[in-house]
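Heads up: the structure comes next, in structure tokens.
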Amino acid sequence: MNVILASQSPRRRELLAVVTPDFKIIPSDIEEIVPDDVAVMDSPEYLARIKAQDIAKNYPDDIVIGADTSVILGDVILGKPKDRQNAFGMLKMLSGNTHIVVTGCAIVKGDRCVSFSVKSEVEFYPLSEDEINAYLDTDEPYDKAGSYGIQAKGALLVKEIRGDYFNIVGLPIAELNRRLNEFV
């Protein structure tokens, strides 16, 4: 079974290696535009599907895995920050609140596609401006949805999680493993 990960995320690469040690990485460069009629909570699964299908059209005999993770507060998706000020604003919004992390996954081979989403809740401690600025002084927040990474220093901001930790990192490996086993 040839497996392709349609993502350049180093975190997803590490996590997929737990599920299957042998895979190729071919990131999709498709424009990530979500139609207005797709609900906020369904956006990650939609994006995972279009990424996987984009790569699968050139590799019809391989299994392609797409994934997308969103940090959602209320009905607002907090994407990757544009700059320090944007990251500060996101962390200020998350401070003292509980948000949802949704990772959508898609498994595609030829015309066959199975997709699913996993949701986890993350509660942040109330954060002072000094705490936020100290975290922003690291390189962590700038390439991550919601401006934090739970797998390193961002963990110091988190009071509690409910759900799959690996989902928050970017790939719900237990669910993905089960779906892959059903797929093949």
Side-chain angles (χ1 to χ4, degrees), residues 3-29 32 40-41 43-45 47-48 51 65-74 76-106 116-177 180:
V3 176
I4 297 171
L5 176 62
S7 172
Q8 59 188 1
S9 164
R11 292 161 296 283
R12 287 197 185 103
R13 182 180 309 142
E14 291 169 7
L15 292 174
L16 185 57
V18 175
V19 178
T20 178
D22 188 27
F23 61 93
K24 294 186 280 191
I25 296 169
I26 305 174
S28 171
D29 60 1
E32 296 183 21
V40 169
M41 290 291 183
S43 294
E45 188 172 337
L47 292 171
K51 289 180 201 178
I65 298 170
D68 189 82
T69 302
S70 290
V71 172
I72 302 170
L73 182 62
V76 176
I77 294 177
L78 302 178
K80 294 178 183 176
K82 297 175 188 81
D83 54 29
R84 184 182 179 99
Q85 182 179 353
N86 186 228
F88 184 92
M90 284 189 216
L91 293 171
K92 193 77 171 156
M93 289 171 61
L94 295 173
S95 173
N97 288 309
T98 299
H99 60 277
I100 307 283
V101 177
V102 180
T103 298
C105 294
F116 61 94
S117 293
V118 174
K119 297 172 181 70
S120 303
E121 293 182 2
V122 180
E123 181 181 354
F124 267 30
Y125 282 105
L127 305 173
S128 69
E129 289 191 6
D130 287 344
E131 286 175 297
I132 293 172
N133 280 314
Y135 183 60
L136 293 176
D137 287 341
T138 72
D139 288 336
E140 276 188 31
Y142 301 103
D143 68 338
K144 295 173 182 66
S147 301
Y148 78 96
I150 196 166
Q151 68 276 14
K153 291 187 183 297
L156 303 175
L157 313 176
V158 176
K159 182 175 182 181
E160 183 177 355
I161 67 168
R162 290 175 287 287
D164 183 339
Y165 167 80
F166 296 105
N167 177 59
I168 301 164
V169 177
L171 197 64
I173 56 176
E175 182 72 15
L176 178 61
N177 184 58
L180 270 172

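Sequence positions, counted from 1, serve as the residue numbers for this chain.
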For a side-chain contact (heavy atoms from CB on, under 4.5 Å) check, start with the C-alpha distance between Leu91 and Leu136, then their side-chain angles and the critical distance, and finish with the verdict. CA-CA 9 Å; Leu91 293 171; Leu136 293 176; 3.8 Å; yes
For Leu156 and Glu131, run side-chain contact (heavy atoms from CB on, under 4.5 Å): C-alpha distance rounded to whole Å, both residues' side-chain angles, the deciding distance at 0.1 Å, then the answer. CA-CA 10 Å; Leu156 303 175; Glu131 286 175 297; over 6 Å; no
In sequence, state the C-alpha distance, the side-chain angles, and the governing distance for Lys144 and Gln151, and then conclude on side-chain contact (heavy atoms from CB on, under 4.5 Å). CA-CA 11 Å; Lys144 295 173 182 66; Gln151 68 276 14; 3.6 Å; yes
With side-chain contact (heavy atoms from CB on, under 4.5 Å) as the test, would you mind laying out the steps for Lys92 and Glu129 before giving the verdict? CA-CA 8 Å; Lys92 193 77 171 156; Glu129 289 191 6; 4.0 Å; yes
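When the shell of 6.0 Å around NZ of Lys153 is examined, it contains 12 or fewer heavy atoms from other residues, nucleotides or ligands. Heavy atoms from other residues, nucleotides or ligands lying under 6.0 Å from CG of Asp139 number 12 at most. For Gln8, the CD atom sits in a loose shell: 12 or fewer heavy atoms of surrounding residues, nucleotides or ligands are nearer than 6.0 Å. Annotation: Glu160, atom CD; neighbour count of heavy atoms from other residues, nucleotides and ligands within 6.0 Å is above 12.
In this structure, OH in Tyr148 is found 7.0 Å from CG in Leu94, a value given to the nearest 0.5 Å. Within the model, atoms CG of Asn167 and CD1 of Ile100 stand 10.5 Å from one another, a figure rounded to the nearest 0.5 Å. Distance CG/Asp68 to OG/Ser43: 8.5 Å, rounded to 0.5 Å. One finds the OG1 atom of Thr20 at 7.5 Å from the CD1 atom of Ile65 (value rounded to the nearest 0.5 Å). The CZ atom of Phe166 sits 11.0 Å away from the CD1 atom of Ile150 when rounded to the nearest 0.5 Å. One distance of note links CG of Asp22 with NZ of Lys24; it measures 9.5 Å at 0.5 Å rounding.
A donor-acceptor distance shorter than 3.5 angstrom exists from the side chain of Glu140 to the backbone of Gly154, with no hydrogens or angles considered. Side-chain atoms of Arg84 come within 3.5 Å of backbone atoms of Asn133 as a donor-acceptor pair (strictly under, hydrogens ignored). Put simply, the side chain of Ser70 never gets that close to the backbone of Ile72: no donor and acceptor are under 3.5 Å apart.
Phe124 pairs with exactly one of Leu157, Leu73, Thr98, Asn97 by the side chain to side chain contact (heavy atoms under 4.5 Å, CB included) rule, that one being Leu157.
Taking both residues in full, the closest heavy atoms of Ser147 and Ala87 are given as OG-CA, 3.3 Å, listed atom of the first, atom of the second, then distance. The two residues Tyr125 and Val158 come nearest to each other via the heavy atoms CE1-O, 3.4 Å. Cys105 and Pro172 get closest at one heavy-atom pair: SG-CD, 3.7 Å. The minimum heavy-atom distance linking Pro44 with Gly104 is given by the pair CB-N, 3.5 Å. For the pair Thr69 and Ala145, the tightest heavy-atom approach, listed with the atom from each and the gap, is O-CB, 3.9 Å. Closest approach of Gly149 to Tyr135, counting heavy atoms only: N-OH, 3.0 Å.
A donor-acceptor contact closer than 3.5 angstrom is absent between the side chains of Asp164 and Ser120.
Between Leu16 and Leu176, the closest side-chain pair of non-hydrogen atoms falls below 4.5 Å.
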